[in-house]
Amino acid sequence: MSDTPPESPGFDDMTRDIAEVPAVEVLVTVAVNLMSAAAVKLGLTEEGDKYKDLDEARKLVHALAGLLDASATEISSFHAAPLRDGLKSLQLAFREASLVPDEPGQGPGEKYTGPIFG
């Protein structure tokens, strides 16, 4: 048995791997990662309030909304519709979690989506 750790992929290998991934898949993956991180920061996971941080959640939800707005014409409605639904759910969860709710249109990502009413 060797004590040598397995070799990590080199930059060329990673570049070749990412070159084979369609742009829509990269966009959807980034969006899902933003959604997951926002859900954690909103306290929506099994850990509940353990990692809750509304300031961090605001940034993540806003970034997600900006990504979806910017990529709306680049990804099909097959991919975009569930991402928009997830975004709206996160925006509503943010509004419910806030002690002092933002004015309609001022919540995270509402610059891109329009006001969210809960």
Side-chain angles (χ1 to χ4, degrees):
M1 199 165 181
S2 172
D3 288 336
T4 307
E7 200 170 312
S8 9
F11 182 75
D12 291 339
D13 292 332
M14 291 188 303
T15 301
R16 186 173 42 256
D17 289 345
I18 199 71
E20 296 170 6
V21 179
V24 68
E25 194 171 321
V26 174
L27 291 167
V28 169
T29 299
V30 170
V32 168
N33 285 329
L34 287 168
M35 290 175 123
S36 297
V40 169
K41 296 298 184 178
L42 284 167
L44 301 176
T45 61
E46 288 181 12
E47 292 87 7
D49 289 347
K50 183 176 181 182
Y51 300 108
K52 189 173 184 178
D53 183 334
L54 294 183
D55 184 50
E56 291 289 301
R58 177 184 292 278
K59 294 171 188 170
L60 292 163
V61 172
H62 190 75
L64 174 62
L67 174 65
L68 295 182
D69 184 59
S71 62
T73 60
E74 306 302 323
I75 59 178
S76 67
S77 60
F78 174 79
H79 294 292
L83 294 174
R84 282 193 303 266
D85 290 345
L87 170 60
K88 184 174 181 180
S89 294
L90 291 169
Q91 289 173 307
L92 288 170
F94 185 91
R95 187 165 291 285
E96 290 172 11
S98 297
L99 296 176
V100 180
D102 295 312
E103 292 293 320
Q106 301 301 309
E110 292 182 21
K111 165 184 175 179
Y112 302 107
T113 63
I116 300 295
F117 299 99

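Computation of the quantities below employed the complete heavy-atom set of this structure, encompassing side-chain atoms and omitting hydrogens, waters and symmetry-equivalent molecules.
Residues passing the side-chain hydrogen bond (donor to acceptor under 3.5 Å, both in side chains) test with Thr113, sequence neighbours excluded: Gln91. Listed by chain and residue number, Arg58 satisfy the side-chain hydrogen bond (donor to acceptor under 3.5 Å, both in side chains) test with Asp102 (two or more places apart in sequence, or in another chain).
Counting only distance, with no hydrogens or angles, the side chain of Asn33 and the backbone of Thr29 share a donor-acceptor pair below 3.5 Å. Formation of a donor-acceptor pair under 3.5 Å by the His62 side chain with backbone atoms of Pro108 is not found in this model.
Each of Leu87 and Tyr112 belongs to its own hydrophobic cluster when Ile, Leu, Val, Met, Phe, Trp and Tyr are linked at side-chain heavy-atom distances under 4.5 angstrom. Val28 and Leu60 fall within the same hydrophobic cluster, where Ile, Leu, Val, Met, Phe, Trp and Tyr residues are linked whenever their side-chain heavy atoms come under 4.5 Å apart, directly or through other members.
In terms of heavy-atom proximity, Pro82 sits nearest to Ser77 at CD-O, 4.1 Å. Of all heavy-atom pairs spanning Ala65 and Gly109, the tightest one is CB-CA, 3.4 Å. Pairing each heavy atom of Leu54 with each of Ala97, the nearest pair is CD1-O, 3.6 Å.
Atom-to-atom distance recorded for His79:NE2 and Ser71:OG is 11.0 Å, nearest 0.5 angstrom. In this structure, CG in Leu27 is found 9.5 Å from CG in Leu83, a value given to the nearest 0.5 Å.
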Atom pairs and distances, donor-acceptor, side-chain atoms in residues 34-49, under 3.5 Å, two or more places apart:
unit_1, atom_1, unit_2, atom_2, d
Ser36, OG, Val32, O, 3.0
Thr45, OG1, Glu47, OE1, 2.9

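Under a 4.0 Å N-O distance rule, the pair Glu110/Arg95 qualifies as a salt bridge.
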